[in-house]
Asks: 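Here it is, the structure, as structure tokens.
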Amino acid sequence: MNQTIVVKIGTSSLTNPSTGNLALSTIAALVEVLSRLRAAGNNVVLVSSGAVGVGCARLGLQERPRNIAVKQAVAAVGQGRLMRVYDDFFTSLQQPIAQVLLTRIDLVQRSRYINAHNTFAALLKLGVIPIVNENDTVAIEELKFGDNDTLSARVASLLEADWLFLLTDVDRLYSADPRSHPDAQPITLVTHIDQLAELEVQTGDRGSQWGTGGMTTKIAAARIATAAGVRTVITEGKNPGNIEKILAGEPIGTHFEPQSQPSNARKRWIAHGLVPCGKIYLDQGAVSAIAKAGKSLLAAGITQVEGDFRTCDAVQLCDLGGREIARGIVNYSSGELKKIQGRQSAEITAILGYPGAETVVHRDNLVLSN
Ligand SMILES: Nc1ncnc2c1ncn2[C@@H]1O[C@H](COP(=O)(O)OP(=O)(O)O)[C@@H](O)[C@H]1O
Ligand SMILES: N[C@@H](CCC(=O)OP(=O)(O)O)C(=O)O
């Protein structure tokens, strides 16, 4: 069966950590595997990091720049270099590629999300392997994915992919960072992401010298992707042949099983495409009304509002313990909600001085979380 496969490779696998030079044999092996998967009829997308790392090597910089403008300039140098290398390798196998640079806003606004979806669909239909990265050179802090693990999960969700492979410099997830904890236990299967809290998996807060986010962002990515129905695997980048072995059923790396997902495309966008801008805490009655009775959210059931959001932004709806029970698009800003939380709908006009929407989140704009 033909499948949609998204592969993300991190800087730590693409470059030699001591010299910063490109790991050419890894890239060549990856190109061969992806070209074979494409030739076998699969849809293949590569999310490649490396713009900043390769740019630094090109310019002789010894460490990742901290200054944002310099980092953006370095990424512009590295991205071109990276694509040149990919194009040389893929072209020698007659495999066309495309560069797709995204920022978070491209997947947050519904019209841009649909546009991005259509562009990917057209590229895949043309037999092209899109190579995706964050548009580091122009992305501004508030509108960034920030790391390519998250970006790859959002792309996998956009494409309703069957698989997301996160290729990195460790062979799988461990109970703690194996570099600093040699006795850390390997984890092979995660049936639900919340299991990781039970297993007390520690991920630290940083990865290798050139990587962004370490294991923390990979787990966040696995959460996004599996919630969108995408099977996710963390495995080693220096053996890209493992991708084919895993597709053939070999138990390599750490597998995260996909969760069920809404069949309606708009609801999938609300659940997985939108990035929440705040949290609304609900009392037990409102939680039951939404989760069990399929009702809309009214102001009366709100106990607390967190974050700064506007009308039509996405928010997380949480129970009193902070557990997310749903996501939705709000009909009020955070400022308005703070004034009307806990109040009856009939009081809203008098409190705000103008008539507002009947519901805070209408049930058509609300999706229960797994
Ligand atoms: N629980 C863990 N299991 C495995 N690796 C971990 C864990 N916690 C932290 N790490 C670290 O995460 C690193 C990979 O992250 P990163 O350097 O950002 O990679 P990439 O460039 O591939 O995105 C590993 O080298 C490892 O040291
Ligand atoms: N967009 C950045 C990559 C950021 C990132 O997530 O890096 P990594 O942790 O190596 O996957 C770049 O191309 O350098």
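Remember, it's 1-based here, ligands and their atoms both numbered in the order they're listed.
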Asks: Any atoms of ligand 1 less than 4.0 Å from a non-hydrogen atom of Q202? List them with their elements.
Replies: 1 (N), 2 (C), 8 (N)
Asks: Using a 4.0 Å cutoff against the non-hydrogen atoms of R172, which atoms of ligand 1 qualify?
Replies: 4 (C)
Asks: Give the atom numbers and elements of ligand 1 that come within less than 4.0 Å of a heavy atom of P178.
Replies: 3 (N), 4 (C), 5 (N), 6 (C)
Asks: Hydrogens and angles aside, do Q79 and D136 bring a side-chain donor and acceptor to less than 3.5 Å of each other?
Replies: no
Asks: Ligand 1 and D149, any nitrogen or oxygen pair closer than 3.5 angstrom?
Replies: no
Asks: Examine S13 against ligand 1 and note whether any of their N/O atoms are separated by less than 3.5 Å.
Replies: no
Asks: Numbering the atoms of ligand 1 from 1, which are under 4.0 Å from a heavy atom of A176?
Replies: 1 (N), 2 (C), 3 (N)
Asks: As an exercise, state the distance from CD1 of I234 to NZ of K8, rounded to the nearest 0.5 Å.
Replies: 10.0 Å
Asks: For ligand 2, does Q79 get within less than 4.0 Å through its side chain, its backbone, both, or neither, judged by non-hydrogen atoms?
Replies: neither
Asks: Once you restrict to heavy atoms under 4.0 Å, what part of D177 touches ligand 1? Side chain, backbone, both or neither.
Replies: both
Asks: Hey, could you give me the OH/CE distance between Y174 and M215, rounded to the nearest 0.5 Å?
Replies: 9.5 Å
Asks: Can you list the ligand 2 atoms lying under 4.0 Å from a non-hydrogen atom of K8?
Replies: 8 (P), 11 (O)
Asks: Looking only at distances, can you tell me whether any N or O atom of A51, backbone or side chain, sits closer than 3.5 Å to an N or O atom of ligand 2?
Replies: yes
Asks: Under a 4.0 angstrom heavy-atom cut-off, which atoms of ligand 2 come close to G10?
Replies: 10 (O), 11 (O)
Asks: Check ligand 1 against T11 and write out every atom of the ligand that is under 4.0 Å from a heavy-atom position of the residue.
Replies: 21 (O)
Asks: Between R223 and D194, is there a side-chain N and carboxylate O pair less than 4.0 Å apart?
Replies: yes
Asks: I want to know if ligand 2 touches V52 in the polar sense, i.e. an N/O pair below 3.5 angstrom.
Replies: yes
Asks: Is there a polar contact between ligand 2 and T11, counting only N or O atoms under 3.5 Å apart?
Replies: yes
Asks: Report the part of N133 in contact with ligand 2, treating N, CA, C, O as backbone and CB onward as side chain, heavy atoms under 4.0 Å; options are side chain, backbone, both, neither.
Replies: side chain
Asks: To the nearest 0.5 Å, what is the distance between CG on L93 and CZ on R38?
Replies: 14.0 Å
Asks: So with a 6.0 Å cut-off around CZ of R81, is the heavy-atom count from everything else above 12?
Replies: no
Asks: Could you give the distance from CD1 (I290) to CG (L317), rounded to the nearest 0.5 Å?
Replies: 5.5 Å
Asks: Which distance, rounded to the nearest 0.5 Å, do you find between the OG1 of T103 and the CG of N135?
Replies: 6.5 Å
Asks: Between V108 and W269, which heavy-atom pair has the shortest distance, and what is it?
Replies: O-CZ2, 3.3 Å
Asks: State whether the shortest distance between N or O atoms of N148 and N or O atoms of ligand 2 falls below 3.5 angstrom.
Replies: yes
Asks: Distance only, no hydrogens: is a donor on one side chain within 3.5 Å (strictly under) of an acceptor on the other, for N133 and N148?
Replies: yes
Asks: Pick, from M215, R179, H181, the option with the minimum heavy-atom distance to atom 5 (N) of ligand 1.
Replies: M215
Asks: Which is it for Y354 and E336 under the side-chain hydrogen bond (donor to acceptor under 3.5 Å, both in side chains) test, yes or no, and what are the steps along the way?
Replies: CA-CA 11 Å; Y354 48 84; E336 289 171 320; 2.5 Å; yes
Asks: Quick one: do R154 and D106 make a salt bridge, cutoff under 4.0 Å?
Replies: no
Asks: Measure from atom 2 (C) of ligand 2 to every heavy atom in D136, D147, L14 and give the option owning the shortest one.
Replies: D136
Asks: Any nitrogen or oxygen of S49, main chain or side chain, under 3.5 Å from a nitrogen or oxygen of ligand 2?
Replies: yes
Asks: Give a yes/no on ligand 2: does A75 have at least one heavy atom closer than 4.0 angstrom to it?
Replies: no
Asks: Using 0.5 Å steps for rounding, measure from the CD1 atom of I252 to the CD atom of E244.
Replies: 11.0 Å
Asks: Mark up the atoms of ligand 1 that fall under 4.0 Å of a heavy atom belonging to K8, in ascending order.
Replies: 23 (O)
Asks: Test of understanding: clusters of I, L, V, M, F, W, Y form through side-chain heavy atoms closer than 4.5 Å, transitively. Do I131 and F145 belong to the same one?
Replies: no
Asks: Counting each atom of ligand 1 from 1 as listed, which ones have a heavy atom of G10 under 4.0 Å away?
Replies: 20 (P), 21 (O), 22 (O)
Asks: Hey, which atoms in ligand 1 end up nearer than 4.0 Å to a heavy atom of D169?
Replies: 13 (C), 14 (C), 24 (C), 25 (O)
Asks: Please work out, at 4.0 Å between heavy atoms, whether the side chain, the backbone, both, or neither of L167 comes within that distance of ligand 1.
Replies: backbone
